[in-house]
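The structure under discussion appears below in the form of structure tokens.
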Number of protein chains: 2
Amino acid sequence: MAIIEAAMEEFVARGFAATRLDDVAKRAGVAKGTLYLHFKDKESMFEELIRTALVPLISRMSAPPPIGGSVRDAVERFAETFILEIASTRRGDIIRLIVAEGPRFPAIADFYFREVVSKGLAGMRALIELAIARGEIRENKLAQFPQLLVAPAIVAVIWQSLFARHAPLDAIAMFKVHLDLIFGERRTT
Amino acid sequence: MAIIEAAMEEFVARGFAATRLDDVAKRAGVAKGTLYLHFKDKESMFEELIRTALVPLISRMSAPPPIGGSVRDAVERFAETFILEIASTRRGDIIRLIVAEGPRFPAIADFYFREVVSKGLAGMRALIELAIARGEIRENKLAQFPQLLVAPAIVAVIWQSLFARHAPLDAIAMFKVHLDLIFGERRTT
DNA sequence: TGACAATGACTGACCAGTCAGTCATATATT
DNA sequence: AATATATGACTGACTGGTCAGTCATTGTCA
């Protein structure tokens, strides 16, 4: 749907309040009235968009449980995907948008917490516990704070949208160092 | 100045675009015209506010270089101060506000990068290098990414404003686990 | 032709920014 | 000291422009 894409662009670039529906319509190549055939009003358009935008994130999150190789490899592949497909792209702006508008749209913060954050953290915690059981991770208190595992990814997202211009950040290299801290220095075959 | 405080409250609560100067004036107990005796327009009011709000942060940042005890202790004290005085208070919202509005106010992102982020990271890097030289930290690639040291603090700030209601986060405990990852498990005397 | 989708001109609310006027205080004059 | 005059911080009603949301009209397709 062209409208959804157009609205996403505008909301990401200007935030909720400063986005004009005239601009969304123009970008989508429809008349303003058409928007109201699909959405009740600006606010529900915004909320539905954020929800929609998350569907791909969610499917990634609940993706492959790592039966095969080491937990570290699984986490590393996961993080690479996340950074390449989210932190370095338009989708990262969605996360920034949620941080920006969340407090003013409790419904969005709630939804995001329920559907993404709590599930994602639970998944991370499971991974961490598995790694501890296997002896890949020593620090067993890490399972209490799965946020620590993903913190650099969040920071990468923020960095890209605010400071990439001033100082580009090699998010993947950073994340590998982070994993070295957690799993111990990688064995150089 | 009552105006500054009032404006801060409103901007933090509603963001730039959705804040009404009538509300700022009412909250400050002055007439709207008075605002324009102190600020050129809404935009420069906002920018000056953000700059002003950072002064206390900056002075903290450039505070005591840790000559005395271990680097870990210094970082731990620093992080505790940061979390208690920033992440858990109104000031945390300022950081969120910068994340939210930064892309639309390049001047603010620039200023913030120059005055806070680059200086802060340089300080962190120096600390990390000292700790590596002293043998407190093994992972010597950490000096390339001082962001990793502070990432949990950033995450804590965001968590507090978005999700504290759903799941309170013990940011200090989290940070200690983080430090255990970096410095190795703490010796229990 | 009838049913439905799409349009875009229009309306009314809202709000940043203005400015003619007020008034408390300071300065000058007698 | 008493009165007159000047100053400028402050006010808030007002204006002009903007924009969310509406709806009478037009286009489309079976």
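Chain letters run A, B, ... following the sequence lines, proteins first, then strands; residues in each count from 1.
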Interatomic distance, A:K26 NZ vs D:dC19 C1' [rounded to whole Å]: 13 Å
Pairs touching residues 157-169 of chain B that satisfy side-chain hydrogen bond (donor to acceptor under 3.5 Å, both in side chains), sequence neighbours left out: A:D110-B:R165, A:D110-B:H166
Leading and trailing nucleotides of DNA chain C with any atom under 4.0 Å from heavy atoms of chain A: C:dA6 to C:dG8
Co-membership, hydrophobic cluster, residues B:V157 and B:L84, 4.5 Å side-chain: yes
Parallel, tilted or perpendicular: rings of B:F16 and B:F105 (30°, 60°): perpendicular
Length of the line joining B:L21:CG and D:dG12:C1', which is rounded to integer Å: 14 Å
Carboxylate-amine/guanidinium contact B:E10 B:R27, below 4.0 Å: yes
Salt-bridge contact B:R138-A:D180 (side-chain N to carboxylate O under 4.0 Å): no
Distance in angstrom units between A:K32 NZ and D:dC19 P, rounded: 9 Å
